[in-house]
S.K.: 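The structure's right below; bear with me while I get my questions together.
Keep in mind that the numbers below use all heavy atoms, side chains included, and drop hydrogens, waters and symmetry copies. Proteins come first, then strands; the chains are lettered A, B, ... in the order of their sequence lines, and each starts at number 1. Everything quoted here is computed from the prediction, not taken from an experiment.
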Number of protein chains: 2
Amino acid sequence: MRPQKVTEHQLAERMLEVLRAKGYDGSSLNELALAGGLKKASLYHRFPGGKQELVKSVLDSYTSYLEQNVFEVLAKGKAKPKKRLKKALGKIRTLYHEGASNCLYRALSLDPGLELFGEQIAMNCKQWIKAFSILGRDLGIKKKRAKRMAFEGLLKIQGSLVLAKVFNDTQPFQEVVDEIWSDYLG
Amino acid sequence: MRPQKVTEHQLAERMLEVLRAKGYDGSSLNELALAGGLKKASLYHRFPGGKQELVKSVLDSYTSYLEQNVFEVLAKGKAKPKKRLKKALGKIRTLYHEGASNCLYRALSLDPGLELFGEQIAMNCKQWIKAFSILGRDLGIKKKRAKRMAFEGLLKIQGSLVLAKVFNDTQPFQEVVDEIWSDYLG
DNA sequence: GTCTATAGCTAGATAGAC
DNA sequence: GTCTATCTAGCTATAGAC
């Protein structure tokens, strides 16, 4: 077999930057291929199902990052809760490039992305909320309030990324991450 | 002159529903024309500048609703602050169909909509923040905190609309509107 | 002012050479 | 596994009849 020019992981990482900025319809296969370092036709070798399978692959890779670096750290880490929260928030900062890059879930939350991936994204968001809920519980917060805080955290992250884009300023995101930190530890 | 089939206001209102759900690239002129009750070619009579001018017209109409029913009520109304807030939040609920419909600003906050309309949307969001800030001041809240509350309100509305779409459930939006109400009056 | 018809282009997707 | 070449369908936009 001829060697791959780029690994599937590299490909997903590069195409993610296009997808999170332009959404499903806004990202053409030409742009995605160019960003990934391949020609358009080559994408059909990697993703025989076409655009939908390609985006699903990027979405799975994105969720996988969250699961490994955020959800599992929060919910299954063996360090103290405070340390786990610090680590998870650091990874969140990295994922969103300190607020400069969109959340892929949001970018896909317009039609037709929502129609194709809505259920999957909803599940992933529930994972997020579950993981932060467990962290809250570990910090001695009551169940109901822990869930409420987890939900509000996700909501504020999403809102901050909208405003960061609109104002072309990462400050809303930075502030929200700091708020989440102090909400759990205050 | 031959009579218009639909007024510019009706046209903007109907096309808004497509644009806020699908974004700039996701909304084709065919869909927009169909939603508005015209044929595609007729749109070029109303909007000689093509798609960009059409979307700008819808955006202007959308902002005009906010200015008249929300911003002016909050900042220039002669009723008591509590009553003005109640009225403005009611209009916000209506605009977003109780959380079932996206914010157009958010739908246009991906490329290429962001590139075309980002500055205009940023100005409109600043108007939002300004208006809620003035309401806060009228309720006796200090300047800095009033601005902070206004910013956070907008952020949470945007975040709630993201989650409302993802979960296909208007509850996040409803809760956030109630929270804003009680934040100002608690 | 609205329509049908169509131009010119780019999209997603496929065939087949290497 | 990647590429060039190409297909069809849809896109934005225009021309011109009514």
S.K.: Within 45° of the axis and under 6.0 Å from the centre of the six-membered ring of Phe71(B), does NZ or CZ of Lys130(B) qualify?
M.R.: no
S.K.: May I have the distance from Leu116(A) (atom CG) to dG12(C) (atom C1'), rounded to whole angstrom?
M.R.: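 From Leu116(A) CG to dG12(C) C1': 14 Å.
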S.K.: I'd like to check Val177(A) versus Ile157(A) (side-chain heavy atoms, cut-off strictly below 4.5 Å). Are they in contact?
M.R.: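 When only atoms from C-beta onward are counted, Ile157(A) and Val177(A) do touch, with a gap below 4.5 Å.
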S.K.: Heavy atoms, side chains only, cut-off 4.5 Å: are Phe117(A) and Ser109(A) in contact?
M.R.: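 Phe117(A) does not reach Ser109(A) side chain to side chain.
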S.K.: What's the CG-P distance between Leu43(A) and dT2(D), to the nearest Å?
M.R.: 9 Å
S.K.: Between the main-chain N or O of Asn102(A) and the side-chain N or O of Arg20(A), is there a donor-acceptor pair closer than 3.5 Å?
M.R.: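 At least one qualifying donor-acceptor pair exists.
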S.K.: Any side-chain heavy-atom pair from Leu59(A) and Ile121(A) closer than 4.5 angstrom?
M.R.: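 Result yes, sub-4.5 Å side-chain heavy-atom pair found.
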S.K.: Would you indicate, yes or no, if dT2(D) has its OP1 or OP2 atom less than 4.0 angstrom from a side-chain nitrogen or oxygen of His45(A)?
M.R.: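 The answer is no; no side-chain N or O of His45(A) sits under 4.0 Å from OP1 or OP2.
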S.K.: It should be established whether Ser42(B) places a side-chain nitrogen or oxygen under 4.0 Å from OP1 or OP2 of nucleotide dC3(C).
M.R.: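 Answer yes for this pair, as a side-chain N or O of Ser42(B) is under 4.0 Å from OP1 or OP2.
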S.K.: Would you call Leu16(A) and Ser61(A) a side-chain contact if the rule is heavy atoms closer than 4.5 Å?
M.R.: no
S.K.: Any side-chain heavy atom of Arg148(A) sitting closer than 4.5 Å to one from Ile129(A)?
M.R.: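 No. Closest side-chain heavy atoms not under 4.5 Å.
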S.K.: Would you tabulate the pairs of protein nitrogen or oxygen atoms and nucleotide nitrogen or oxygen atoms of nucleotides 14-18 of chain C closer than 3.5 angstrom?
M.R.:
residue	atom	partner	partner atom	Å
dC18(C)	O2	Arg2(A)	NH2	3.4

S.K.: From Glu179(A) CD over to Glu152(B) CD, what is the distance, rounded to the nearest 0.5 angstrom?
M.R.: 5.0 Å
S.K.: Would one find a side-chain N or O of Lys39(B) under 4.0 angstrom from OP1 or OP2 of dC3(C)?
M.R.: no
S.K.: Using atom CD of Gln10(B) as one end and atom P of dG1(C) as the other, report the distance to the nearest whole Å.
M.R.: 15 Å
S.K.: Enumerate the residues from residues 16-38 of chain A whose closest heavy atom to DNA chain D is under 4.0 Å, giving them by residue number; use none for an empty result.
M.R.: Leu38(A)
S.K.: Phosphate oxygens OP1/OP2 of dC3(C): is one of them under 4.0 Å from a side-chain N or O of Lys5(B)?
M.R.: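 It does, given that an N or O in the side chain of Lys5(B) lies less than 4.0 Å from OP1 or OP2 of dC3(C).
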S.K.: How about Phe151(B) and Ser133(B): do any of their side-chain heavy atoms sit closer than 4.5 Å?
M.R.: no
S.K.: In whole angstrom, give the distance that lies between atom CD of Glu8(A) and atom C1' of dG1(D).
M.R.: 14 Å
S.K.: The side chain of Gln4(A) is closest to which nucleotide in this list: dC3(C), dT2(D), dA13(C)?
M.R.: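 Among dC3(C), dT2(D), dA13(C), the one nearest the side chain of Gln4(A) is dT2(D).
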